[in-house]
Amino acid sequence: MQYIIHMKNILFAASECVPFVKTGGLADVVGALPKSLYKQEYDVRVILPNYTCIPWEYRGKFQHISSFYMDYGKRKENIFVGIMEYEYEGVKFYFIDNEYYFKCDKPYSDSIRWDIERYIFFSKAVLAAMPVLGFHPDIIHCHDWQTGMIPVFLRSTFASHSFYWGTKSIMTIHNLKFQGVWDIEHFLYNTNLPGYMFTPDKLEFKKDANMLKGGLVYADDITTVSEPYAEEIKTPYYGEQLDGLLCARSRSLRGILNGIDYDVYNPETDKKIAVHYNAENAVEKKKEAKRALQAELGLPVDDEKFMIAIISRLTDQKGLDLVDWIAERITDEFTQFVIIGTGESKYENMFRYYQGKFPDRVSANIFYSDPLAHKLYAAADAMLVPSRFEPCGLTQLISLRYGTVPIVRETGGLKDTVEPYNEFEKAGTGFTFQHYNADDLLYTINYAKNIYFNHRKDWNDIIKRGMKKDFSWGSSALQYQGMYDWILRGMQ
Ligand code: GLC
């Protein structure tokens with residue numbers, strides 16, 4: 001029997017994507033997932049803003065394929081929309097070009113009001129561009145608040161365009177904390193949508209308008225990046241005031257765990273690290289990696305020091321206030337503490353302070369460097385991720401792959417991916433604690449240290465078990481494909 005496979009057209013819309021522009025895990029997911037879907041059945045293309053901060057090594061190769069003028073909001077003048085195209089690792093990327101909106105030295109500005117205007121423009125331009133390109137998406141897969149207006153425009157401004165009849169939309173929540181909220185006037189002006197759409201059952205949110213909420217109301221389906229987080233966000237503690245809506249839409253809400261790109265994160269081939277290893281020789285080789293990094297960072301070179309790492313955006317979400325409580329107590333003479341990341345200045349300064357106080361025990365690298373991050377994944381003994389909430393979290397997945405033992409709070413994706421060490425059954429891949437509490441974190445780190453210093457064989461077995469887990473995109477990609485098929489079958 002012969003099967004005829006119908007190509008399904010999927011358009012990813014997002015505000016960041018590796019290798020072009022990245023501030024967080026969203027970029028990794030948008031970069032990796034399209035490559036992992038089955039090419040013979042899914043034609044996946046990605047659309048992004050053409051930020052001028054995209055490195056020239058890529059931008060210089062973008063090809064201008066079309067441009068037009070679009071009416072935008074209540075403006076009298078039509079606005080320029082250029083479309084650039086670039087193929088990278090077998091995936092076709094489009095970039096919406098408009099210098100007024102996307103001339104920038106970083107993707108997000110310091111003004112949420114301005115960003116809202118920029119992303120409303122982007123969302124409308126995405127829908128206006130597809131007929132020009134002749135790419136008819138069966139599904140538009142939107143990521144985070146910046147693209148929340150796409151499902152809204154699809155069912156309002158573009159509802160009568162026959163081009164989009166049958167097109168479905170999906171809203172994926174990578175982080176519910178950021179929603180794109182500003183006053184309704186600003187939205188009325190920039191969207192030109194009718195006033196009746198700004199009611200509590202649609203776009204209104206506590207007398208303001210909310211882009212992510214719009215996406216969650218109008219999308220055909222909603223996903224988030226782990227099953228536990230899909231449950232958590234239906235509760236007031238994690239729901240960021242949208243828990244009611246998410247409960248109401250719970251039949252359309254599911255969690256699909258992120259993977260990591262196993263080509264990029266592979267300790268056997270990673271070009272950013274000098275020593276290569278696998279589960280069999282990790283214990284010995286990681287010592288070499290540790291010595292090299294200690295020398296590079298100016299820490300005492302000693303492979304018996306317990307090296308704890310943090311690689312993170314430095315924001316409240318990441319549990320750094322807990323780290324502040326315990327930092328002095330974990331940086332004893334047997335321990336080194338290495339941090340890489342940028343973010344809120346209170347946390348940047350906090351880590352600088354500890355480095356000043358313990359220069360031979362703390363290395364605070366308050367910048368983001370991908371090569372340094374890879375070296376730290378290879379060198380560290382443990383990775384700390386004590387998040388207040390964590391939709392998925394990629395750091396712990398990369399750590400497991402590099403034989404770095406995660407110490408995490410049991411929330412969201414962390415709970416789903418790190419199995420707590422059980423000393424009686426000799427099972428587990430990391431150390432976990434449940435309550436958002438500094439004493440519990442301290443206790444857990446000290447417990448990990450005890451296993452490291454006094455039961456080294458057990459510690460080494462934890463490393464091996466972690467490295468043997470599979471968090472590549474394979475099974476997640478299958479789940480996304482299943483969801484696309486289900487939506488296109490009419491969700492029976
Ligand atoms: C956000 C979340 C993180 C998740 C990532 C990718 O950055 O905070 O938990 O892994 O998005 O989905």
Side-chain angles (χ1 to χ4, degrees), residues 12-19 21-36 46 48 106-108 141-148 170-180 212 215 222-233 238-240 242 253-261 264-265 310-320 340-344 347 368 370 373 377 383-401 406 408-418 432 436 471-473 475-477 479-480 483:
F12 273 46
S15 58
E16 52 182 279
C17 173
V18 291
V21 53
K22 164 171 172 170
T23 72
L26 165 65
D28 294 299
V29 173
V30 177
L33 178 55
K35 283 194 288 184
S36 318
V46 183
L48 304 162
K106 55 184 181 15
Y108 311 127
H141 190 157
C142 307
H143 298 265
D144 273 356
W145 73 268
Q146 294 89 344
T147 54
I170 297 172
M171 192 75 232
T172 291
I173 305 168
H174 296 263
N175 196 329
L176 194 59
K177 182 135 192 106
F178 304 104
Q179 301 179 358
L212 180 66
I222 303 171
T223 77
T224 186
V225 288
S226 70
E227 280 182 34
Y229 192 62
E231 289 305 312
E232 287 169 350
I233 56 179
Y238 289 101
E240 303 291 346
L242 291 176
L253 165 66
R254 74 183 85 197
I256 302 179
L257 191 69
N258 287 333
I260 52 170
D261 191 327
V264 175
Y265 297 107
I310 288 186
I311 302 179
S312 179
R313 285 181 288 119
L314 305 180
T315 62
D316 280 333
Q317 173 193 343
K318 300 293 177 177
L320 302 172
I340 302 178
T342 59
E344 290 170 30
Y347 294 126
Y368 187 75
D370 206 41
Y377 281 117
M383 178 67 65
L384 215 53
V385 198
S387 306
R388 189 183 288 275
F389 67 92
E390 197 61 76
C392 175
L394 303 176
T395 328
Q396 84 281 13
L397 302 182
I398 304 169
S399 297
L400 288 167
R401 175 102 163 128
V408 307
R409 181 165 167 253
E410 290 167 21
T411 183
L414 299 170
K415 185 171 164 184
D416 218 14
T417 53
V418 180
T432 71
Y436 193 77
F471 290 111
S472 61
W473 271 104
S475 72
S476 311
Q479 289 182 62
Y480 277 105
M483 174 182 65

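Below, each value reflects all heavy atoms present in this structure, side chains not excepted, and no hydrogens, waters or symmetry copies. Worth saying up front: this structure is predicted, and the values here are computed from it rather than measured. Counting starts at 1 for both ligands and their atoms, in listed order. Throughout, residue positions are numbered sequentially from 1 according to the sequence presented.
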Practice task
Taking side chain to side chain donor-acceptor pair (under 3.5 Å) as the test, write out the residues that go with Y229, two or more places apart.
Solution key: none

Problem - Sidechain N-carboxylate O distance under 4.0 Å for K318, E390 - result: yes

Exercise for the section: Considering non-hydrogen atoms only, spot the tightest contact between S476 and G259 and give its length. Expected result: OG-N, 4.1 Å

Exercise for the section: Please round to the nearest 0.5 Å and tell me the distance separating atom CE of M171 and atom OG1 of T224. Expected result: 10.5 Å

Problem - Under-4.0 Å salt bridge between D316 and K177 - result: no

Exercise for the section: Write out the protein residues near ligand 1, meaning a non-hydrogen atom under 4.0 Å from one of its atoms, in order of chain and number. Expected result: G25, L26, V29, H174, N175, V225, N258, R313, Q317, E390, P391, C392, G393, L394

Handout entry: Side-chain donor-acceptor contact under 3.5 Å, T411 with Y436
Key = no

